[in-house]
Amino acid sequence: MWRDKVFEHACFYGGTALRIIYGLDRYSEDMDFKLESPNQVFSLVAYFPYVEQELKAYGFEVAIQQKALVGPKHIDRAFLKMNTRVSMLHKGVPQAVVDWIAREQLLKIKIEVDDDPPAGAKESSKERNYEYYFY
């Protein structure tokens, strides 16, 4: 999403951001983003091809599907799904560990974007450098 410049008008927040950006020892099941200002026409679907292309470059085959709106209408939701066994093998997890995973088990990541952030919400910026691995 960074390569498609989504962070020029959105920011990463919530539990996953606290863990990845600030190193807090916490677990989160989704990735939360918020737009910097309200935008009722924002569509997460427009970013699916870029996310799929980027993950494919790392050898991951994924499916992304938009989730029907349940709850606040200003939250755009999607699920990124990939085969857990294939993903683990690709990352070098030993076969003995992978054999414990059901063949059709999916790794699912929920992505949510708040397109109507609360008034007065403030953002901060922190740059992180990560190594990129190419196989």
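Atom set for the values below is all heavy atoms of this structure, side chains included, hydrogens, waters and symmetry mates excluded.
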Side-chain touch Asp30/Glu112, heavy atoms, less than 4.5 angstrom: yes

Close side-chain approach of Glu61 and Lys56, heavy atoms under 4.5 Å: yes

Contact summary for Glu36 and Phe7, nearest pair of heavy atoms: OE2-O, 4.5 Å

Pairwise side-chain contact, Lys108 with Leu80, heavy-atom cut-off 4.5 Å (strictly under): no

Heavy-atom check, side chain of Phe42 versus side chain of Leu35, under 4.5 Å: yes

Evaluation steps, side chain to side chain contact (heavy atoms under 4.5 Å, CB included), between Gln40 and Asp115: CA-CA 6 Å; Gln40 303 304 318; Asp115 64 20; 4.1 Å; yes

Any side-chain heavy-atom pair of His9 and Asn39 under 4.5 Å: no

Verify same cluster id: Val62, Val45 (apolar side-chain graph, 4.5 Å): yes

Within one Ile-Leu-Val-Met-Phe-Trp-Tyr cluster: Leu18 and Phe33, side-chain cutoff 4.5 Å: yes

Joint hydrophobic cluster, Met82 plus Phe79, side-chain heavy atoms closer than 4.5 Å: no

Phe48 CZ: over 12 foreign heavy atoms closer than 6.0 Å: yes

Side chain proximity check, Gln95 to Val97, heavy atoms < 4.5 angstrom: no

Heavy-atom closest pair, residues Asp114 and Asp116: OD1-N, 2.9 Å

Rounded distance [0.5 Å steps], CD1 in Ile111 versus CG in Asp32: 10.5 Å

Backbone N/O of Leu44 and side chain of Asp76: donor-acceptor pair under 3.5 Å: yes

Beyond-backbone contact of Val113 with Val6, side-chain heavy atoms, under 4.5 angstrom: no

